[in-house]
Asks: 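Quick one: structure below, then a few questions.
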Amino acid sequence: MCYASRTTKSILSLFVLLSCTMEPSNKVKAVSVFNKTREPAKKTLVFEFESTLLRSASLFPYFMLVALEAGGILRSLILFLSYPLVWLVGEDQLGLEIMVFLCFFGIRKDTFRIGSSVLPKFFFEDVGLEGFEDVMCCEKKVASSKLPRVMVEGFIKDYLSVEAVIARDLKTFKGYFLGLFEENKVNKTTPSYEGKAKASNNNNTIGIRGSHIQHIDKELFPHFKEVYLSKERKNWHVLPREKYPEPLIFHDGRLAFRPTPTSSLALFMWLPFALFLAIFRFIFGTSLPFNVSAPILAFSGTRTTLSKPFNNVSLVHNKEDEKSMLYVCNHRTLLDPLYIAYVLNKPLSAVTYSLSRLNELVSPIKTIRLTRDREKDREAMRKLLKLGNLVICPEGTTCREPYLLRFSPLFAELTDDIVPVAVDVQVTMFYGTTASGHKWLDPFFHFLNPNPTYFIKFLQRLPQSETCIGGGKSRIEVANFVQNKIGKALGFACTSFTRKDKYLVLAGNEGVYDHKPGSP
């Protein structure tokens, strides 16, 4: 059953085609969807992705993301400089082909994952609540798109549960995109509903034979009786995160903002100064003590918010019984252990799964790279605990969104002196993490932001009753307890996803960082 929105009187968006009939009809009829609260639920809905769901009419930001993430800063600058020409000839006409060529020419096809790893976040941020509610009313959905298939198919199928995507493919030569659309032809990989239509005697199934947007007018449009139009997309509300059909937990890419023409101009104006600023912050932040570097970094625009429990005696090294503290924190960037060491103003060691040799060399604190061999890693951490305080991120990888990945229980058996630490990071321009890019540049990208903000909250030390040695808890129970405690402190949702799950989604591998001789 489909329920119409009570607060808006929007009509289902442009080019939404409902009520399939086998009798051809060339008439376009605008009818309010709110007059049919029950019937559409049993219909198959064919809609255009851009005009039905997205609040913005401009496609430039999505091509800018492709140009920057897949092609680099030079390609994105060329695309930006060509935007006046794109605007002049029309973004959805010749301008679309210009942007496709500039963004995709020379890009390897087998490594292109922007459509499934980067763009979903920005698509969701542009989806209108009103259009989304109308589309999700129907049982079956078929989407068409002006964008190339490699840009939209992953998002539409994985997050919107659409059964088929009508979009154009790109030409390739020896595994590289040529930046040109394929000629109009039937795509045999697109699911066909023609057989289902013949098998059923109702009018709720749509037969789709073509796979490209041009085929809609010639082959599909005559078979549809009603067209629902909308002209108020700019007044739509943003789709709340809690209404996402599937939670957006993982996404990749360096840009943290939507690169519209105006914001792209701000980006290129900021970069020359940002390069100098990032080098300045990195040098002073890693070479000076915290009490000296903190005022300097704050003057440069960085922000650090510290929160400690009322009784913070249990947070530091216990000199009387020579017991070291184990600080367990969630993982937001590579700089997490460094910030924890700075705010405590105590010598700390850190363990990590993936750390480039360059970051390991310049790190002001001792870092040990884990081998993923449980016994060897446990022994290495025990040795570090005997030498002093230790910081560990049991998630094993970073997560940008308000979720916590599964905590590895390896730390729970090491000691009972465990202090949970909740960490969060706020950036406005660049993410200081990556799954498929160069990890050794992560700290540099973090410091490229105008005002990168770190939030660190030390929680109460774990009671003995909730530990393995003192309380008899299993290591998994302890790990889950710490995860829930940090999640509540940050307002994050706890998940059972792992490092392997993240890298399979974003990079197509299991996240094993291969250190080759001579590599940074």
Asks: Please check this pair: side chain of Asp501 against backbone of Thr498, looking for a donor-acceptor N/O pair closer than 3.5 Å.
Replies: yes

Asks: Should the pair Arg254 and Phe445 be classed as cation-pi, given the thresholds of under 6.0 Å to the six-membered ring centre and 45° from the axis?
Replies: yes

Asks: So that I can tick it off, tell me whether Glu401 and Arg241 are bridged by a salt bridge, with the cut-off set at under 4.0 angstrom between side-chain N and carboxylate O.
Replies: yes

Asks: When you measure from the side chain of Asp336 to the backbone N and O of Thr333, does any donor-acceptor pair fall under 3.5 Å?
Replies: yes

Asks: Would you kindly check if the NZ (Lys) or CZ (Arg) of Arg400 is within the cone defined by 45 degrees around the ring axis of Phe250 and under 6.0 Å from the six-membered ring centre?
Replies: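 That pair does not qualify as a cation-pi contact.
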
Asks: Does the Gln483 side chain pair with the main chain of Leu405, one donor and one acceptor, at a distance under 3.5 Å?
Replies: yes

Asks: Regarding Lys376 and Thr371, do their side chains bring together a donor and an acceptor under 3.5 Å, going by distance alone?
Replies: no

Asks: Please answer whether the main-chain N or O of Arg258 pairs with a side-chain N or O of Ser263 as donor and acceptor at a distance below 3.5 Å.
Replies: yes

Asks: Using the ring of each side chain (for Trp, its six-membered ring), is Phe280 parallel, tilted or perpendicular to Phe284, with breaks at 30° and 60°?
Replies: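 Ring orientation, 0 to 90° scale: tilted.
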
Asks: Is it true that Glu395 and Arg499 make a salt bridge, defined as a side-chain N closer than 4.0 Å to a carboxylate O?
Replies: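 Looking at Arg499 together with Glu395, the answer is no, because their closest N to O distance does not fall below 4.0 Å.
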
Asks: Between Thr302 (side chain) and Leu297 (backbone), is there a donor-acceptor pair under 3.5 Å?
Replies: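 Checking the backbone N and O of Leu297 against the side chain of Thr302, a donor-acceptor pair under 3.5 Å is found.
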
Asks: When you check the gap from the basic side-chain N to the acidic O, do Lys243 and Glu133 get nearer than 4.0 Å?
Replies: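 Counted as a salt bridge, because a side-chain N and a carboxylate O are separated by less than 4.0 Å.
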
Asks: State whether the side chain of Glu360 and the backbone N or O of Lys366 hold a donor-acceptor pair below 3.5 Å, judged by distance alone.
Replies: no

Asks: Using only atom types and a distance under 3.5 Å, with no angle test, would you say the side chain of Thr172 pairs donor to acceptor with the backbone of Gly175?
Replies: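 Judged by distance alone, no pair lies under 3.5 Å.
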
Asks: Are Arg378 and Glu413 ion-paired here, with the side-chain N under 4.0 Å from a carboxylate O?
Replies: yes

Asks: I want to check something: taking the side chain as every heavy atom from C-beta on, are Ser324 and Thr415 in contact at a cut-off of under 4.5 Å?
Replies: no

Asks: Counting only N and O atoms by type, is there a donor-acceptor contact under 3.5 Å from the side chain of Arg113 to the main-chain atoms of Val505?
Replies: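 Yes: the side chain of Arg113 pairs with the backbone of Val505.
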
Asks: Looking at Phe49, Phe124, Phe123, which hits ring pair (Phe, Tyr, Trp, His ring centres under 6.0 Å) with Tyr159?
Replies: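 The passing option is Phe124.
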
